[in-house]
Amino acid sequence: MSDELAIHARGVTRIYKAKPSPVTALGGVDLDVQPGEYFGLLGPNGAGKTTLIKILTTLLLPTSGTAKIAGFDVVNETAKIRRVINMVAGGEQSGYGLLTLREQLWMFSQFYGLPNRDGWRRVDELIEITGLTEQRDQKVRTLSTGQRQKLNFARGLLNDPWVLFLDEPTLGLDVAAARDLREHTLAWKAAAPGRTLLLTTHYMVEAEQLCDRIAIVDRGKILALGTPEELRRRVQAESIFRLELDHLPHDGGIAAISDLPGVLSAVPADDDTSDGAASDRVALKVALADDSALTSVVTAVAERGSQLIGLAKSEPSLEDVFVELVGRGFGDEEEEAVS
Amino acid sequence: MTEGAAQVPGITLADSWRSFRTAIGLGWAIEANWSDPFLFAIYTMAKPLAAAMILVVMFQVITGGQGTEFLQFLIVGSALWNVVFGVMGGLVQSILEDRERYKMMKYVVVTPSSLFPFLLGRSVARVLTSLVAVVLTLAVGVVFLGVDLQLNLLLLVPATLIGVTAVVALGVFMAGWCLQLRQEAWSYPEAIAGALYLISGAIFPVDILPAFLHPVALASPTTWWLEASRRALVGHGAPGIDGQPGLFEVFSDGQIMLFLVISTAIAIPLALAAFRWFMRRAREAGLLDMTTGS
Ligand SMILES: Nc1ncnc2c1ncn2[C@@H]1O[C@H](COP(=O)(O)OP(=O)(O)OP(=O)(O)O)[C@@H](O)[C@H]1O
Ligand SMILES: [Mg+2]
């Protein structure tokens, strides 16, 4: 029992009946999320992220495939799943405008079966955490978009879910509020072992900063899945460094570096602005088979009388990964369509 | 996290009861939210009264003021029908409002409380305001139109309890149906309520209906509820027409109640099953968070 996955999906598809033709929103998704993971779904508009969340939160039935939350089937064991999950979607104007914040939250605490007094305590605690203390007795309809979003987030934490689904939770929030919300999610997760989050987002930084693992989705398929680190490595297996020298080694020039063992290539960096005019300064892009080859490069440079002015590891960003994968995805499909 | 998985309970009766109670508060907050009490009064009282009066005037014009028996029939029927419109309208409106205006239905659905007790609770305020309209219409009938009230509480109380239950069951069916509909299609359920109004003997006796509609009328608990309520309020049921004995005159009060109980007992599981089926369909088609407006 204790080794149940938080989320387990196999071959999940979803086809919407739509005019003029059916839309395949999910084309066979396999996904395993461990208890305690902060998992990210990253993908362009229409990739199928919200559709997957709706299926996992029992709002929508899959067309085929199976999915389980904490071992419970999303099609048939909805009552059990609903006890252990919660969901927050961003970028919407939801709320019972006529109730006050406290009333709305309390109402949901009752739907989650919290005893009366615990309910009020939890409500006030969450109002405090989300920074809505000043608005607590205000009617929901008077809240700003961001305040509503915070309220929605507070509702999402009411039942201390095992698995919390966040669909673009920071959409429409200002920079500070978005940062607060990210921090709240991390703090909430850290407060008890096993708390699991599934986040969808368009913001690379958000995914990279929060998520233990990320799946990049497009057109209803998972194109890549791994830790942010692994994903970046997918795009670029070797390590690339940017070296800035006061001048090229007199003894051998660039070749003195590129011929070193462990060095795959050494070329002038694209962004080298030195022009050779005012100074001999030079920037090189050095590809190494392994980070450990860096020592011999630095030593060789020094031995040949050049001075190292700057050294930086140039990492591919998650964005590079995204662009490469999604870009390639589009290309493939177009080719298929043509052939 | 899943050591407790074996103990995660499904929906319990206590959950449903709590959700029901909580939703009553929400329904009340929404129902009573008339910034203007004058508008509230118009809506809950003047509207049903006006509807009843139009019928009465039409009747007076047609019959030239003859037949108080039929006048009583008319007033009681149109008074009670407020409950049907109130409950059905309330349930249908809850679905559409929560889904499309407040956009909260999906968040209610993903709680362990289930939509059903929530909806019931949400509509209680509507039931109560509609009962106010019933009492008011009857009162006007008694004071100004010579309705001769002969209360039989022993019959009235059970008939009202069972009758309102039956109406709620019908409302649940409508609400489930409404889950499938786009916002523009609100009027379908309203049309059903209207059809029921015509065949249940609310404003003219079932006897007048063409014979092929009689089985439909007799299967609907609303028909038996109206007949029982008339007997309990003014001492006699639907009158016959053209000197013929009325359709229900052969039945004793006890038999009428029995038919009310039976038809309600059939309607409830049917409505529940239909609601379940509609919910499932809504999940299949992705309608639980649909916004069809604008
Ligand atoms: N109810 C629906 N009927 C028909 N098609 C739908 C429906 N809901 C979603 N789709 C389609 O399914 C695809 C996936 O939609 P989905 O909302 O899951 O994408 P998403 O990844 O969440 O996108 P975004 O980043 O824009 O929120 C889209 O092509 C969308 O048009
Ligand atoms: Mg989305």
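Within every chain, numbering begins at 1; the chains are lettered A, B, ... in the order of the sequence lines, protein sequences first and strands thereafter.
Looking at A/Gln110, both its backbone and its side chain come within 4.5 Å of chain B, counting heavy atoms on both sides. In this structure, the portion of B/Ala285 lying under 4.5 Å from any heavy atom of chain A is its backbone and not its side chain. At a 4.5 Å heavy-atom cutoff, the contact between A/Leu59 and chain B is made by backbone and side-chain atoms alike. Of the two parts of A/Val140, neither the backbone nor the side chain holds a non-hydrogen atom closer than 4.5 Å to a non-hydrogen atom of chain B.
By number of non-hydrogen pairs under 4.5 angstrom with chain B, the leading residue of A/Pro62, A/Ala79, A/Gly97 is A/Ala79. If you tally non-hydrogen atom pairs under 4.5 Å between each of A/Glu77, A/Glu103, A/Gln104, A/Lys54 and chain B, the highest count goes to A/Lys54. Listed options A/Asn159, A/Asn152, A/Thr78 were ranked by heavy-atom pairs under 4.5 angstrom with chain B; first place goes to A/Asn152. Chain A forms the most heavy-atom pairs under 4.5 Å with one residue out of B/Val110, B/Thr12, B/Thr22, B/Leu288, and that residue is B/Val110. Of all the listed residues (A/Gly156, A/Ser94, A/Ala89), the one sharing the greatest number of non-hydrogen pairs under 4.5 Å with chain B is A/Ser94.
Ion pairing between B/Lys103 and B/Asp98 fails under the 4.0 Å rule for side-chain N and carboxylate O.
Seen from the ring of B/Tyr107, A/Arg155 counts as a face-on cation partner, given the 6.0 Å and 45° thresholds.
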**Study point:** Stepwise ring-ring contact (aromatic ring centres under 6.0 Å, His included) test for B/Phe118 and B/Phe20
**Key:** CA-CA 5 Å; B/Phe118 170 80; B/Phe20 173 74; over 10 Å; no
Review point. Would A/Val123 and A/Leu158 count as a side chain to side chain contact (heavy atoms under 4.5 Å, CB included) if you check the C-alpha gap in whole Å, the side-chain angles of each, and the deciding distance to 0.1 Å?
Key: CA-CA 7 Å; A/Val123 164; A/Leu158 268 174; 4.3 Å; yes
Exercise for review: Take A/Phe111 and A/Phe108 through the test ring-ring contact (aromatic ring centres under 6.0 Å, His included) and record every step on the way to the result.
Suggested key: CA-CA 5 Å; A/Phe111 296 157; A/Phe108 275 89; 5.4 Å; yes
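Considering only heavy atoms from C-beta on, A/Thr200 stays 4.5 Å or farther from A/Leu166 through its side chain.
For the 3.5 Å distance criterion, the side chains of B/Asn82 and B/Ser130 fail to qualify, holding no donor opposite an acceptor.
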